[in-house]
Peer 1: 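A single structure is presented below for examination.
Because only heavy atoms are used, hydrogens play no part in the values below, and waters and symmetry mates are left out as well, while side chains stay in. Read the numbers this way: they start at 1 and go in the same order the structure lists the ligands and their atoms.
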Amino acid sequence: MTYNYSGPFTIDYDIIMADKSYNGTVTPKPVLPKELEQLRNVGVTPLQTRVASPCTLNPPIDSDGLSWPSLGARSRIEQTPEEAKGREERIAAAVKTILTELGEDVDREGLLETPERYARAMLYFTKGYEDNIRDVIKRAVFEENHDEMVIVRDIEIYSLCEHHLVPFFGKAHIAYIPNKRVLGLSKLARLAEMYARRFQVQERLTKQIAMALSEILKPRGVAVVIEAAHMCMVSRGVQKTGSSTTTSCMLGCFRDQQKTREEFLTLLGRR
Ligand SMILES: [Zn+2]
């Protein structure tokens, strides 16, 4: 008899009962990729309580070091100089179409090189897809008997809203409580930059930084807060200029312990 409980694991009781060494503890079988695919199709995530997103459906770091890569990330990373040139030209051609459709004269002097320039700018703004997390944290994870909160405030981030393809930018604050391992401080900013230089929503950006750090260091807890202004909001009259959006992601002891969370917020100057 195979009994399915509502979680993502299948427990095969026949095997357990036939095993004479069974000592009362059941080790759930991990989800197989095929089963994960089925879960994905019905929108149920392994944790059941979270919405389906790249953060909950995929591991923070792939076996080849890429972290939540986009569909074309690998082809970008592996491209030859000729392929890179072709990619740039195709983006530029598309930009020319957009400018023409907007009623512009693409042959006037000021716009002559804009499509190519924009193509290069877009490739830069999304360069985070090409980052390999092993290179990002290279030789910067240290064994250290430090168990107090580490906090880096005011990391500048520039990202692109994936709904409007316009910038959102602001500050990220990252904290963690180590469990024998620490990361070089500048790497926290590099980690934030890696995920910011992609098409994002602020909520996911916040969560990805926290989950990746958690995966790298296995710390006692991680907290990430991002405050950002979104051009799609402030420039379209949806809200007044100067409005900013705050998102946070708390993992481990920051999630479980109110005292830790409060200490963090106090250090941020938010309480
Ligand atoms: Zn937007």
Peer 1: Can you tell me how far CZ of R139 sits from NZ of K187, rounded to the nearest 0.5 angstrom?
Peer 2: 8.5 Å
Peer 1: Working to the nearest 0.5 angstrom, can you tell me the gap between L191 CG and I133 CD1?
Peer 2: 5.0 Å
Peer 1: Which N, O or S atoms belonging to the protein are less than 2.8 Å from the Zn ion (ligand 1)?
Peer 2: C161 SG, H164 ND1, C232 SG
Peer 1: Could you check whether any side-chain heavy atom of H230 comes within less than 4.5 Å of a side-chain heavy atom of Q202, counting everything from C-beta outward?
Peer 2: yes
Peer 1: Are the charged groups of E193 and R197 less than 4.0 angstrom apart, N to O?
Peer 2: yes
Peer 1: With a 4.0 Å cut-off on N to O distance, would you call E89 and K85 a salt bridge?
Peer 2: yes
Peer 1: Give a yes or no on whether the backbone of P60 and the side-chain of S67 come within a donor-acceptor separation of less than 3.5 Å.
Peer 2: yes
